[in-house]
Amino acid sequence: MSTYSARLAALRDQLSRDRLDGFVVPLTDEHMSEYVGAYAQRLAWLTGFQGSAGTAVVLPAEAAIFTDGRYTLQVREQVSGDDWQYVAVPETSVSGWLGSHAPAGARIGYDPWLHTSAWVTEATKALAAKGATLVAVETNPVDAVWPDRPQPSDATLSVQADAVAGRSSADKRAMIGEWLGEQGADAVVLAALDSIAWAFNVRGGDVAHTPVALSYAIVHGDGTADLYVAPEKMTEAVAKHLGNAVRVHDRAAFEAALGDFDGKTVAADPASAVAAIFERLEAGGATVLAVRDPVVVPKATKNAVEIAGHRAASVRDGAALSRFLRWVETEAPKGGQSELSAVQKLLECRQATGVLIDTSFDTISAAGAHGASPHYHSTEDSNAALAPGQLYLVDSGGQYADGTTDVTRVVPIGAPTAEMRDRFTRVLKAHIALATAIFPRGTVGSQLDAITRAPLWAAGLDFAHGTGHGVGSYLSVHEGPARIAKPSYPGGGPNEPLLPGMILSNEPGYYKAGEYGIRIENLILVEERAMPGGDETMLGFETLTFVPIERDLIEAKLLTPAELSWLNAYHAQVIAKIGAELDGEDKAWVMRKCAPIG
């Protein structure tokens, strides 16, 4: 019996002892985070799946793992089909599958600290049709059979200085207080970790690659707040920074504190505040206002200081990545390099800036067929050589105090085929379509997604992931609320209007299973555009990322004059922006790569 088969069997035994006929295991934590600490990696421990989004359902006679189109290949490589059914979302929902597969009269367990109230309502209704019930557990049964489960991180908090944040915590909390007055509420629960980090101008080290701390906050109408965080995370500098208006409590006291609002109105975001929070507030006599977290939009619309910081971070990061790409072009054809050796080299290039704090996510270093899995993660077991005839895709980013970066480039190892050049150029056309889009206020991400995909659709091509996601300011590399994606794309946000100050990714792609993957990703800033002769001020994008786009993969005859003009202008900007950061062969290489085409 394999390790993961044994773990599944152990969980089933535990469910039997708990008088449960099934259990739902999501990949999230008590804050509905996308990226979670090691202690919350229950799905990976149980199944072996290493992706960043998924859910498992375990029943007595069958088990299923639910993933979206980004992980169609990856889940089959990492999770045994002997033990697990592969189910695609959003085509099939977890609650819908439960409604058709749960035994009649079954008791299906769930952890109320890992699900939203909306999901609980949906699953309860689906199970009721089978005479089955959804049962909240007090102790997660996965934890009961996970003998070496890691402890939550004990990393300390740090201060995000006003000079980098561009706005003081007192000002942000006053804004929240004003919002509460408008809502007719007394307080708001902040459960999303990046919202807390932004509102209090603090950062943490509890989640790999995302500088947040495990904490909760309750902000009151007068701008004062209660912050719930493990005492060992506090430092004198952070305490001084927070001041007397922020009362600090042990994180363990948060649940009980939710019972202290009898007769008061408390706001909570149903997307980030789990079902248990709503239940505890209501049980304590509070009137709960289910509304969006007031931090979400202000956090996403970067201020002038944050934008300036991101521009600076992009320049140093672009120079570091360019050094790495020259190294790949020079060393990979010689042999002896692999996906993991490339990850290490890229990290060294970023560390050479002297100000790198962390990478912004696990680097996607994908050679050949691995590139066809959009979120592939190289391990010692999967590590492949960089070999002639392949395309090498690298998707990576850095965390700097002044900005978070995310960029993807593809380079050929040796001479590319005509098909590779054709597909790369069509992805480039899609990338340019978004980079040059002009649109009115009120435009949502799904509208721009269609504009971006049009050049690929015209050739009978498409890709199974979103076109763009929001990016934080030394925060999460995936930030809401806006997203450029198909309306049904999991993760939300495609119907959110884009606003000036939002930073998003522009990353169309093409993937040929078993052969290669292509993705071209820059970060872009939403900005106002005054159109000569127009009636309205429109919106457009400023490109923030400056790294050469591989000229050996471009079939110039497929580009229109306007597209070719954009490419040449972009490469001229690359030279202007990062040229001063480079010297010697690195600078000469960038100059060659960015020479005008056509």
- Message: For Y216 together with Y228, are the ring centres under 6.0 Å from each other?
- Response: no
- Query: Hey, would you say the H209 and F361 ring centroids sit under 6.0 Å apart?
  - Reply: no
Is [X] salt-bridged to [Y], going by a charged N under 4.0 Å from an acidic O?
X: K587; Y: E585; result: no
X: D269; Y: R292; result: no
X: D226; Y: R247; result: yes
X: E536; Y: R441; result: no
X: E329; Y: R592; result: no
X: R311; Y: E542; result: yes
X: K299; Y: D194; result: yes
X: R483; Y: D449; result: no
X: D154; Y: K233; result: no

Let me confirm one number: the [atom1]-[atom2] distance from [X] to [Y], rounded to the nearest 0.5 Å.
X: D317; Y: H310; atom1: CG; atom2: NE2; answer: 8.5 Å
X: W113; Y: D29; atom1: CH2; atom2: CG; answer: 12.0 Å
X: T443; Y: L498; atom1: OG1; atom2: CG; answer: 8.0 Å
X: H571; Y: M591; atom1: NE2; atom2: CE; answer: 12.5 Å
X: L321; Y: T405; atom1: CG; atom2: OG1; answer: 8.5 Å
X: L553; Y: L428; atom1: CG; atom2: CG; answer: 10.0 Å

Strictly distance-based, threshold 3.5 Å: is any side-chain N or O of [X] a donor or acceptor partner for the main-chain N or O of [Y]?
X: T301; Y: V297; result: yes
X: R519; Y: R409; result: no
X: H31; Y: V274; result: no
X: Q399; Y: L475; result: yes
X: D186; Y: T265; result: yes
X: T537; Y: A530; result: no
X: H431; Y: I520; result: yes

Show me the side-chain donor-acceptor pairs of residues 572-581 shorter than 3.5 Å, one per line, residues at least two apart or across chains.
none

With heavy-atom distances below 4.5 Å as the criterion, would you say the side chains of [X] and [Y] are in contact?
X: W179; Y: V291; answer: yes
X: I484; Y: L504; answer: yes
X: L559; Y: I554; answer: yes
X: E496; Y: V444; answer: no
X: T353; Y: Y400; answer: yes
X: I451; Y: L434; answer: no

- Message: Quick check on Q151: does its CD atom have over 12 non-hydrogen neighbours (other residues, nucleotides or ligands) under 6.0 Å away?
- Response: no
What's the shortest heavy-atom distance between [X] and [Y], and which atoms?
X: L190; Y: I196; answer: O-CD1, 3.4 Å
X: S365; Y: S378; answer: O-CB, 4.0 Å
X: S322; Y: V590; answer: CB-CG2, 3.9 Å

- Aromatic ring pairing H375/Y71, orientation class (parallel under 30°, perpendicular over 60°, tilted between): perpendicular
- Name the orientation class of the two ring planes belonging to H465 and F463 (parallel below 30°, tilted from 30 to 60°, perpendicular beyond 60°). tilted
- Task: Take H478 and E34, measure what side-chain hydrogen bond (donor to acceptor under 3.5 Å, both in side chains) needs, and give me the verdict at the end.
- Result: CA-CA 8 Å; H478 287 170; E34 177 183 12; 2.9 Å; yes
- Identify, with sequence neighbours excluded, every residue that meets salt bridge (charged side-chain N to carboxylate O under 4.0 Å, His left out) alongside K302. E479
- Task: Start with the C-alpha gap between S168 and R173, add the side-chain angles, then the distance that decides, and say whether side-chain hydrogen bond (donor to acceptor under 3.5 Å, both in side chains) holds.
- Result: CA-CA 9 Å; S168 71; R173 288 184 279 107; over 6 Å; no
- Message: Under the rule for side chain to side chain contact (heavy atoms under 4.5 Å, CB included), what residues qualify as partners of L27, not counting sequence neighbours?
- Response: V36, Q41, L43
- Item | Modelled atom types, side-chain donor and acceptor of T543 and N522, under 3.5 Å | no
- Message: Under the criterion side-chain hydrogen bond (donor to acceptor under 3.5 Å, both in side chains), I'd like the reasoning laid out for Y39 against S153: C-alpha separation, chi angles, the key distance, then a yes or no.
- Response: CA-CA 8 Å; Y39 80 98; S153 161; over 6 Å; no
